[in-house]
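Only heavy atoms go into these numbers, but all of them, side chains included; no hydrogens, no water, no symmetry mates. Protein chains get the first letters and strands the later ones, always in sequence-line order, with residue 1 at the start of each.
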Amino acid sequence: MINITLPDNTVRQYPEGVTGVDIAKSISEGLARNVLSIQVDGHVMDATRSITADARIRLLTWSDLEGKATLWHSSAHLMAEAIEILYPGVKFGIGPDIENGFYYDIDFGDQAISSDDFPKIEKKILELAKEKQVFIRKDISKSEAISYFTKKGDEYKIELLEGLEDGQITFYESGRFTDLCRGPHVPDTALIKAVKLLSIAGAYWRGDEKRKQLTRIYGITFTKQKELDDYLVFLEEAKKRDHRKLGKELELFAFSQKVGLGLPLWLPRGAQLRERLEMFLKKVQKRGGYQQVICPHIGNVELYKTSGHYQKYGESSFRPITTPVEGEEFFLKPMNCPHHCEIYKTKPRSYRDLPVRIAEFGTVYRYEQSGELHGLTRVRGFTQDDAHIFCTPEQVKDEFKGVMDIVMLIFKALDFKEFIVQISLRDPENKDKYIGSDENWEKAERAIREVAEEQGLNTVIELGEAAFYGPKMDFMVKDALGRKWQLGTIQVDYNLPERFELEYIGNDNQKHRPVMIHRAPFGSMERFVAVLLEHTAGNFPLWLAPDQAIVLPISEKYQDYAKKVLTLLNNSDIRASVDDRNEKAGKKIRDAELMKIPFMLVVGEREESEGTVSVRRHGKGDLGPQSIGDFIAAVQEEMHQELGEL
RNA sequence: GCCGAUGUAGCUCAGCUGGUAGAGCAGCUGAUUUGUAAUCAGCUGGUCGGCGGUUCGAAUCCGUCCAUCGGCUCCA
């Protein structure tokens with residue numbers, strides 16, 4: 001007998017060789033029906049595999065992330081089987097589970113396929129699922145495995161096998177489909193009750209754009225039809241929060257083919273919003289000892305030769321601008337740091353001056369491949385809330401912490417609760433790839449980790465993801481559809497101070513090289529506004545709303561009173577307007593609700609005679625009459641709550 | 001840039017298997033003077049993404065280019 005420890009720490013005894021399914025059965029029939037896989041001493045495996053020694057286990061079902069992953073991985077196999085039946089001769093690349101479902105990369109050869117084929121494939125998948133196919137795990141030698149796929153003519157699997165070690169190779173066989181796979185899989189395919197193929201796309205084999213492009217089919221499966229229905233509703237809801245849709249509806253920004261792709265036009269309401277964000281950050285930065293600067297939008301090619309960006313990105317940038325007579329070359333600036341380095345160099349710096357913090361809302365232009373462009377999140381011209389901190393190596397930690405405080409303040413003011421902090425460090429196996437001394441790297445990496453820890457942040461550490469010039473920390477946020485975007489970034493840089501020969505005089509009267517920290521808490525105004533839109537669905541916090549209130553006179557008779565109210569609001573710095581159209585109140589309210597204006601102030605006979613406004617809150621409905629003074633005070637109080645002392 | 005899909009009025013969309021376009025909203029004009037999510041009527045508005053081709057005839061079929069959407073690759 002062996003001892004099995006359950007998650008609640010109870011220990012039960014089972015015969016050696018017991019499986020997850022057996023254990024589930026011994027607990028309840030319902031659990032046995034729903035178990036998808038099992039975690040044994042931290043490793044997820046088939047619920048049908050034998051457990052041969054004492055272990056701590058967790059039975060995984062649909063309510064566990066790992067359980068879903070198992071189902072989706074098995075679903076990928078099932079989809080492959082369906083496709084192999086419907087399209088004989090196809091070859092398979094890889095087919096993993098992902099955050100929301102699974103995909104399989106397939107070489108369809110000459111056979112054409114599109115999303116029109118999805119219903120047929122879905123039908124086949126469900127048909128196969130009902131067969132209650134079991135997944136049979138087989139240890140197989142490398143040579144046998146290679147000979148299997150050679151016979152089958154699947155060069156992709158052979159290539160994958162070549163990277164694997166003999167003795168660690170397993171096949172999984174289910175129904176008529178056998179795949180190279182380390183598992184785990186669900187007990188049988190009947191657990192898959194609903195399937196939806198989501199999209200079809202080209203995907204380069206092994207992520208290499210020089211290699212063949214396979215056809216990737218994305219799908220998702222569920223253990224209940226209801227779960228699929230709910231998911232489809234979620235997708236519909238997410239579409240409504242798409243910043244491109246909201247940006248159009250709320251008249252925040254637009255694109256014009258004539259202006260050029262990826263070049264956003266900020267409409268008055270969007271510009272208003274953006275200005276509020278910039279003012280907010282400027283205030284925070286002023287308090288944090290930053291100095292605002294302004295630089296031109298182009299820079300001489302020599303500037304980028306010095307910074308090294310010319311060598312690395314010259315070819316993938318917008319073509320240089322040349323002067324008509326001298327033929328001098330200028331680049332549209334793709335980043336602000338070289339300009340800021342030159343600002344640092346305008347006078348000799350003493351260690352007493354450090355840190356020097358130079359900030360700018362700098363608009364930069366980068367050539368992005370046309371297929372990359374995406375609303376405001378990926379554009380060719382955008383404004384970074386950039387700043388560069390020049391400091392001594394000893395100051396890096398404090399400065400890093402200062403920047404982090406700013407990022408956290410912003411996230412708090414905007415109610416961003418879900419974000420991922422990614423710390424990118426250098427690859428310890430490959431230290432030569434990086435510039436800067438070991439000592440400085442260690443100091444900076446330690447500083448970043450400590451600061452993150454002190455803040456109590458959930459962090460993900462990525463080794464080898466550091467820039468060649470220094471470690472960094474990125475703040476990632478998801479959009480409505482769960483796609484991850486990088487917003488804020490803090491990067492330590494040893495490279496540019498070297499290339500620009502930046503110096504300061506230390507207390508030893510010797511020249512020293514400062515360390516540079518690049519940081520942008522929003523990242524770019526464009527992307528930040530995009531993500532903010534998707535998070536708030538356009539219902540901005542009061543302090544940010546382009547229009548905070550709109551006065552709605554019941555009829556033309558009350559327009560004068562409405563204008564009087566407006567003046568009082570404007571005098572108190574409340575952004576408002578009057579809807580003086582010849583429309584009924586219901587219409588004006590409807591339109592204001594659709595524009596997501598926080599406060600609607602209905603005024604008519606009663607309000608005029610009593611000096612009040614009838615307040616309606618967006619999404620909440622009628623709040624009843626208030627004196628104008630009380631309303632103003634309430635608005636100011638709410639903004640104060642949102643922003644704190646700022 | 002690559003793969004796939006899509007592209008009809010300012011917006012949202014209809015237009016079956018080819019017979020030179022239609023609705024609602026918006027806009028304009030007029031009537032109405034309105035009380036918490038759409039007042040009524042009339043009018044204006046489109047070389048059906050661009051360019052070629054097939055056809056007696058193309059929004060509809062074919063080619064190509066552009067843009068958008070979903071991915072891949074990329075992102076200083």
Considering only the [atom1] atoms, how many Å lie between [N] and [M], rounded to the nearest integer?
{"N": "B/G46", "M": "B/A59", "atom1": "C1'", "answer": "11 Å"}
{"N": "B/A37", "M": "B/A76", "atom1": "P", "answer": "50 Å"}
{"N": "B/G19", "M": "B/C2", "atom1": "P", "answer": "35 Å"}

Side-chain N,O ([X]) to OP1/OP2 ([N]) below 4.0 Å:
{"X": "A/Tyr304", "N": "B/A76", "answer": "no"}
{"X": "A/Arg244", "N": "B/C69", "answer": "yes"}
{"X": "A/Lys248", "N": "B/U12", "answer": "yes"}

Do A/Glu372 and B/U73 share a donor-acceptor pair, side chain to base, under 3.5 Å? yes

Just compare [options] and give me whichever is closest to any side-chain atom of [X].
{"X": "A/Tyr204", "options": "B/A67, B/G1, B/U36", "value": "B/G1"}
{"X": "A/Glu605", "options": "B/C3, B/G35, B/G1", "value": "B/G35"}
{"X": "A/Arg366", "options": "B/A37, B/U39, B/A76", "value": "B/A76"}
{"X": "A/Tyr469", "options": "B/A38, B/A76, B/G71", "value": "B/A76"}
{"X": "A/Arg216", "options": "B/A76, B/A37, B/C72", "value": "B/C72"}
{"X": "A/Glu583", "options": "B/C74, B/C72, B/U39", "value": "B/U39"}
{"X": "A/Asp622", "options": "B/C72, B/U36, B/A26", "value": "B/U36"}
{"X": "A/Glu368", "options": "B/C75, B/C3, B/A67", "value": "B/C75"}

Separation of B/C3 C1' from A/Gln213 CD (nearest whole Å): 4 Å

Rounded to whole Å, how long is the line connecting atom CD of A/Glu607 with atom P of B/U36? 11 Å

A/His618 and A/Asn539 side chains, donor-acceptor separation under 3.5 Å: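 Yes.
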
